[in-house]
Protein chains: 2
Amino acid sequence: MYEELRSELKKRKRRITAQREMILKIFLESKGRHLGVEEVCRELLNRNIRISKATVYRAVELLVDLGFLRRLNFGDGIYRYEIVDRSEVESHQHVICRVCGKIKEINSEMVKKIVSEISEKTGYIIENHDLKFYGLCPDCKRRLSGG
Amino acid sequence: MYEELRSELKKRKRRITAQREMILKIFLESKGRHLGVEEVCRELLNRNIRISKATVYRAVELLVDLGFLRRLNFGDGIYRYEIVDRSEVESHQHVICRVCGKIKEINSEMVKKIVSEISEKTGYIIENHDLKFYGLCPDCKRRLSGG
DNA sequence: CTACTTGCAAATGCTTTGCAAAATT
DNA sequence: AATTTTGCAAAGCATTTGCAAGTAG
């Protein structure tokens with residue numbers, strides 16, 4: 001993935017820097033997590049690396065542009081990012097527990113159907129989607145009903 | 001709807017005020033639109049009513065709590081709100097044009113199926129969802145390909 | 001009269017930006 | 001050497017909050 005980052009940067013005449021590679025590394029090593037800028041900085045500090053917040057903001061924006069990250073918005077006022085897995089054929093959706101905030105990723109078989117239904121009904125070309133489901137995770141369900 | 005607002009406010013021992021009713025009125029008269037706080041203030045000013053932004057923020061939060069409004073997040077850093085139509089049996093989804101920003105509401109028949117699929121697969125109790133589809137609307141499609 | 005609500009201005013919190021110093025090409 | 005990137009501090013912007021004055025019950 002680092003090689004791909006380097007070649008993308010070259011293609012766009014942007015520079016290869018240690019900061020950009022480290023930030024991508026954090027995401028590669030945190031698969032399945034959804035990190036905000038603050039958390040990226042914390043992960044970096046855990047590895048004894050200090051990169052300024054401004055640089056992290058600029059790097060994640062660039063990484064989204066280059067297609068390495070996807071920007072997520074769970075409605076808590078913080079933009080979070082996740083790595084885009086290029087081997088992933090299907091998209092995934094997020095299921096979020098309203099009590100503990102835990103996020104599960106799933107892969108519904110129905111999504112392709114829904115997308116073609118919508119594009120037929122509306123005439124839009126659907127390029128992208130953002131599907132979130134909110135509710136109670138099994139643990140919180142148990143905790144709340146069990147006592 | 002105003003009567004329902006009054007009775008909900010009474011039930012929760014919150015006060016009935018002209019500001020709260022006016023803000024609800026704006027939404028009732030803007031069905032199908034997705035207003036942010038700034039736009040609500042502008043609509044009020046169009047009617048020669050001045051309500052402070054702080055009050056609008058507090059009112060929409062209350063109206064969401066009471067179930068009259070739904071908070072939306074289209075990822076542009078602004079919370080928008082839409083009226084909750086209680087006669088509406090089905091939920092609706094938003095289809096957003098990435099060029100002109102136009103938002104179409106649709107009602108997919110597949111949503112119920114996807115929700116039950118997800119709740120089976122994950123064990124979550126799904127209470128709510130937020131489904132957005134991004135792409136090109138027919139107009140922008142024509143404009144972009146046609147020249 | 002009491003408690004809630006409003007409006008203002010200030011504060012907050014995330015994100016962006018200007019600029020000089022540092023790093024890449 | 002030229003140009004981009006970084007880090008810092010300041011600015012920006014939507015939203016929230018403290019508080020005195022106003023209003024509903």
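In what follows, every chain begins at residue 1, and chains take the letters A, B, ... in the order their sequences are listed.
Across the helix from dC1(C)-dG25(D) to dT25(C)-dA1(D), the helix axis at one end is tilted relative to the axis at the other end by 30° (nearest 10 degrees, each axis from five pairs).
Using modelled atom types and a 3.5 Å distance limit, the side chains of His129(B) and Gln93(A) yield no donor-acceptor pair.
Under the side-chain hydrogen bond (donor to acceptor under 3.5 Å, both in side chains) criterion, the residue pairs touching residues 9-20 of chain B are Glu8(B)-Lys11(B), with sequence neighbours excluded.
Annotation: cation-pi geometry satisfied between Arg71(A) and Tyr79(A) (NZ/CZ under 6.0 angstrom from ring centroid, within 45° of ring axis).
Residues from residues 42-54 of chain A lying near DNA chain C, meaning a heavy-atom separation below 4.0 Å, are Ala54(A) in numerical order. Contact check of residues 1-21 of chain B against DNA chain C (heavy atom, cut-off under 4.0 Å) returns Arg14(B), Arg15(B), Thr17(B), Gln19(B), Arg20(B).
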Between Glu29(B) and Lys25(B), is a salt bridge (Lys or Arg N to Asp or Glu O under 4.0 Å) present by the stated rule, with each step listed?
CA-CA 6 Å; Glu29(B) 293 178 358; Lys25(B) 188 175 155 84; 3.1 Å; yes

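Using a cut-off of 4.0 Å between Lys/Arg side-chain N and Asp/Glu carboxylate O, Lys141(B) and Asp139(B) are scored as not salt-bridged. Remark: Lys121(A) engages Glu117(A) in a salt bridge, criterion side-chain N to carboxylate O under 4.0 Å. Under a 4.0 Å N-O distance rule, the pair Arg33(B)/Glu82(B) does not qualify as a salt bridge.
If you walk DNA chain C from 5' to 3' and mark each nucleotide with an atom closer than 4.0 Å to a heavy atom of chain A, the marks span dC14(C) to dT25(C).
With sequence neighbours excluded, no residue forms a salt bridge (charged side-chain N to carboxylate O under 4.0 Å, His left out) with Arg58(B).
Between His34(A) and Phe74(A), the distance from one ring center to the other falls under 6.0 angstrom.
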